2 protein chains.
Amino acid sequence: MSGSCFAERFEHILPLTDREHRALEHLEETQRTVRRGAVVRRERDPASELYVIRKGWLMSYVLLDDGSRQILRLHFPGDLVGASSAAFGEAADSLVAVTDVVICPFEKSALRALFTDHPRLAALLFALTQAERVALTDRLASLGRTSAKARVAAFLIDILTRLRIMKVDLGDSFLLPLTQEEIGDATGLTAVHVNRMMRALVEEGLIARENGNIRILNEEWLVRIGNYINRYAEIDTAWLPPAN
Amino acid sequence: MSGSCFAERFEHILPLTDREHRALEHLEETQRTVRRGAVVRRERDPASELYVIRKGWLMSYVLLDDGSRQILRLHFPGDLVGASSAAFGEAADSLVAVTDVVICPFEKSALRALFTDHPRLAALLFALTQAERVALTDRLASLGRTSAKARVAAFLIDILTRLRIMKVDLGDSFLLPLTQEEIGDATGLTAVHVNRMMRALVEEGLIARENGNIRILNEEWLVRIGNYINRYAEIDTAWLPPAN
DNA sequence: CGTCGAGTTGACATAATTCAAGTAAGGTGG
DNA sequence: CCACCTTACTTGAATTATGTCAACTCGACG
């Protein structure tokens, strides 16, 4: 397991061949450590790299003309980040380290070999990015059609759910290294209102907070009020081409 | 041009080989006509098909527990719809015909051949879906961080921009076959407030409405207030594998 | 000619924001 | 080790954008 986080992620879905394993490890050959708060790349800067996260959290966001920020997504170990580079020469969003992170950057040209030599991996990658797209539409519905409390609930549950993908034994609590302002920028709220909603969730016995730690006390109920759907539970791989 | 809408879309980006052309045409071999208002597939139903739109508009949406609806996206001729089938066995969203449409359904198993025999097309498809994902994050920022007027402005400009992809000579007006309630479900607003915002845009001389027709009078300004970014202008194809 | 869906408008309600002030916690320099 | 700053969190009061409710118009359609 000293190998590839990406491969590990894939293998939660499907056993890989040695050859496929090596191909994915190849993508993570170089490694870069980034300090908490440091910018990995900035919106509109030229960008030709993608990143696999090996350790720590990243976040991606865009800034609007009026200076407000929308955090698009948190990114966790095993995630592929910056795939928009596959479509554009400029970064569509900024990437910042939320904690100290270890990332493995690779040039988008490396995708070429993946698509030509490993059609099954390419297809699996495609399926995974579709699942992420659906998760994004869930968030769209969250921002467009649910209350502040529901958005915060869904945000927290999503983090827990996704962290469990790579850490099955995670339990029901995690360290949340975000300010309330950042949670607000992710959920489309103000920091003040995030504060009120979080306390409301505490009041109602749905979560507990100790320093930066969040403990989910009533997961089922949070899922309910947040309208949350776990999109990572199962990916259909029946249609994939055979391994080679 | 009696061939494939999908191929036509791709060729706006990149010239295709004959072989690639045939592969795409193969996906559109069967054709289905669907009446305005009819449901193509329903959320949570088993779903193994993807669709290429040949003519007309579709929309995709999800319903929340409280009965509210979030329209996720409008889909136009040349668009690939229902790609979430690549990840899931159940439909993640509902698809409904906004106008009478002609769609070309194909099984997701047909993607297998695309990934094995046409790596360049697969990679281009991947790049295109990444561009769509970025457009979705733009919408997330729109719902999360911009005013009602800005959301409506962005919604209208996005339609115009995307219709122009396949119809370069479109000019600055289009027929909008949506009720104000539907526009509200797309922008996260109520029908009443959509009404007020549309009239405000008319008042300010930014758009004109004649029956169901929308004319964009001041595109630049709408783009400005809507914080709109055209993500369809150019796709980087430099990294794609060679054609075969 | 009556019904129905969509658009329009005004009055009112409310969720969330803004503003402001204060507290707690952590980091730094003397 | 203490005094000081800074940053985040917390809380209340006032404000505002958007939602809700209700009534009316209009055109399409049977």
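Quick caveat, the model's predicted, so the values are computed rather than measured. Below, read A as the first sequence line, B as the second, and so on, with proteins coming before strands; counting in each chain starts at 1.
Distance, A:Lys149 NZ to C:dT17 C1': 18 Å, rounded to whole Å. Between the CZ atom of A:Arg145 and the P atom of C:dA16 there is a distance of 13 Å, rounded to whole Å. Look at NE2 on A:His193: it is 16 Å from C1' on C:dC19, rounded to the nearest Å.
Environment of CD in B:Glu210: crowded, with over 12 heavy atoms of neighbouring residues, nucleotides or ligands closer than 6.0 Å. Residue A:Glu107 qualifies as enclosed at atom CD: its count of foreign heavy atoms under 6.0 Å is above 12.
Side chain of B:Lys55 to backbone of B:Thr33: no donor-acceptor contact under 3.5 angstrom is found.
Comment: B:Asp185 engages A:Arg145 in a salt bridge, judged by a side-chain N to carboxylate O separation of less than 4.0 angstrom. A salt bridge links B:Glu28 with B:Arg54: at least one charged nitrogen is closer than 4.0 Å to a carboxylate oxygen. Ionic pairing of A:Arg224 and B:Asp65 is not present here: no N-O contact between side-chain nitrogen and carboxylate oxygen is shorter than 4.0 angstrom. Using a cutoff of 4.0 Å between basic side-chain nitrogens and carboxylate oxygens, A:Glu132 and A:Arg231 are not scored as salt-bridged. A salt bridge between A:Lys149 and A:Glu204 is present, with a side-chain N of the basic residue lying under 4.0 Å from a carboxylate O of the acidic one.
Annotation: side chain of B:Val194 is not in contact with side chain of B:Met197 (no heavy-atom distance under 4.5 Å).
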Per-nt protein contacts along nucleotides 3-10 of chain C (heavy atom under 4.0 Å; B base, S backbone sugar-phosphate only, - none) come out as ---SSBBB
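Once you apply a 4.0 Å limit to the heavy atoms of chain B, the touched nucleotides of DNA chain D run 5' to 3' over D:dT18 to D:dC21.
There is a side-chain donor-acceptor pair under 3.5 Å between B:Tyr228 and B:Asp158.
Where the helix from C:dC1-D:dG30 to C:dG30-D:dC1 starts and where it ends, the local axes point in directions that differ by 30°; five pairs per end, rounded to 10°.
Using a 4.0 Å heavy-atom distance criterion, A:Gly188 is classed as a sugar-phosphate-only contact.
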